[in-house]
Amino acid sequence: MRIATWNINGIKARHDNLLRWLEQESPDVACLQEIKSVDENFPRKAIEDLGYHLETHGQKSFNGVALLSKKPFEEINRRLPGDDSDEQARFIEGILSTDKGPLRVVSLYLPNGNPVGTEKYPYKLGWMRRLIEWSKQRLELEEAFVLAGDYNVIPTAHDTHDHDAWWGDALYREETLDLFRELLATGLTEAFRACNDTPHLYSFWDYQAGAWPRNMGIRIDHHLLSPEAADLLKGCEILKDVRDWEKPSDHVPVMLTLDCE
DNA sequence: ATGACAAACTTTGTTTGA
């Protein structure tokens, strides 16, 4: 089973790219972020015509996540627990049946948190603490799950083109990395780094300043696996060619392969 | 030293993103 995560930066702007990519790669599951659409306006038909079941958790203008799956979802849960006042659409969980048992797949869009010093940064840290709690509770089930998404976290200096340029940013500073490590320490495996120790491979390149042609990127889109999912890990790769397409997102898809059907 | 790019809506500027 192949499970992609991709921040598409707007379904309206990326609809044709998404369709072309789904036809080309044919992932079993796709976790999308920044759909930037309310659920009622999400263009479903062409995606469903490719054979995908589609569930969204959208909001107007910003944020928004979606799950696509060739298999039907047994259950869908929207919103990350822990703060009923949080109105931002950043989390959707689906449960699938596989030949190795149930598999939970989450598409998440972790808050950016910039600028540090505004209310946005403590919102990010609070969201990460809620995700840690979610992970601890789900791990008690001892089932396979995949937390896939745009984490807005640069895990290590190997995941940026320039440590000094990024250090201190909300994506790459002590408090952020402490909580990311705490999340991993609940018992999760970061799939890409479990498969590939080559430094300076990225999943995001800014639209500005020629960041893509100069390869000034960061790796912030991740799959975190429960132990039961990590036992099924076969591979994980960044599909960077998509960044060269016409009208690209600033993120590229990252594709996880698990040994289940 | 500065700005630089894209998307959506608040739409001919502003807000957000990273």
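Reminder, nothing fancy here: chain letters follow the sequence lines and each chain counts from 1.
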Nucleotide B:dT10, atom P - distance to CD of A:Q59 in whole Å: 13 Å

Rounded to whole angstrom units, what separation is found between the CD1 atom of A:I11 and the P atom of B:dC9? 13 Å

With P as the reference atom in both, quote the distance from B:dT14 to B:dG3 in angstrom, rounded to an integer. 16 Å

Can you check the distance between B:dC5 and B:dA18, where both ends of the measurement are the C1' atom (answer in whole Å)? 12 Å

Distance check needed: B:dC5 P versus A:R214 CZ, whole Å only. 12 Å

Would you tell me whether A:N63 and A:Q88 have side-chain atoms, one donor and one acceptor, within less than 3.5 Å of each other? yes

Proximity to the side chain of A:A209 - top-ranked nucleotide from B:dA4, B:dA18, B:dC9: B:dA4

Starting from P on B:dA7, measure out to CZ on A:F204 and report it in whole angstrom. 13 Å

Whole-Å distance between B:dA18 C1' and A:W167 CH2? 17 Å

Within the 3.5 Å criterion, strictly below it, is a donor on A:K71 or A:T98 matched to an acceptor on the partner's side chain? no

Kindly indicate whether a cation-pi arrangement holds for A:R243 with A:Y202, taking the cut-offs as under 6.0 Å to the six-membered ring centre and within 45° of the axis. no

Tabulate atom names and distances for all N/O pairs under 3.5 angstrom spanning the protein and nucleotides 13-17 of chain B.
residue : atom : partner : partner atom : Å
B:dG17  : OP2  : A:K120  : NZ           : 3.0

Below 4.0 angstrom from OP1 or OP2 of B:dA7, is there any side-chain N or O of A:R14? yes

Counting the atoms with a prime plus P, OP1 and OP2 as sugar-phosphate, which does A:A13 contact under 4.0 Å by heavy atoms, base, sugar-phosphate, or nothing? sugar-phosphate

Determine the interatomic distance between P on B:dT10 and the same-named atom on B:dT16; round to the nearest Å. 13 Å

The answer to which of A:I218 and A:G10 contacts DNA chain B further toward the 5' end, by nearest nucleotide, is A:G10

Whole-Å distance separating the NZ atom of A:K12 from the C1' atom of B:dT11: 15 Å

I'd like the P distance from B:dT2 over to B:dA6, given in whole Å. 23 Å

ring-ring contact (aromatic ring centres under 6.0 Å, His included) partners of residues 16-42 of chain A, not counting sequence neighbours, each pair once: A:W6-A:W21

Students often mix this up, so state it plainly: with edges at 30° and 60°, are the rings of A:Y172 and A:W167 parallel, tilted or perpendicular? perpendicular

With respect to A:Y123, which candidate in A:D83, A:D86, A:N112 satisfies the side chain to side chain contact (heavy atoms under 4.5 Å, CB included) definition? A:D86

If you measure from the P atom in B:dA4 to the same atom in B:dG13, how many Å do you get, rounded? 16 Å

Assigned partner base of B:dT11, Watson-Crick or wobble definition, under 3.5 Å: none

Would A:F204 end up clustered with A:L171 when hydrophobic side chains under 4.5 Å apart are linked, directly or stepwise? yes

Paired with B:dA6 by Watson-Crick or G-U wobble geometry, both distances under 3.5 Å: which nucleotide is it? B:dT16

Given A:E55 and A:R78, is the salt bridge (charged side-chain N to carboxylate O under 4.0 Å, His left out) satisfied, shown in steps? CA-CA 10 Å; A:E55 296 285 345; A:R78 293 172 176 81; 2.8 Å; yes

To the nearest angstrom, how far is A:L32 atom CG from B:dA7 atom C1'? 17 Å

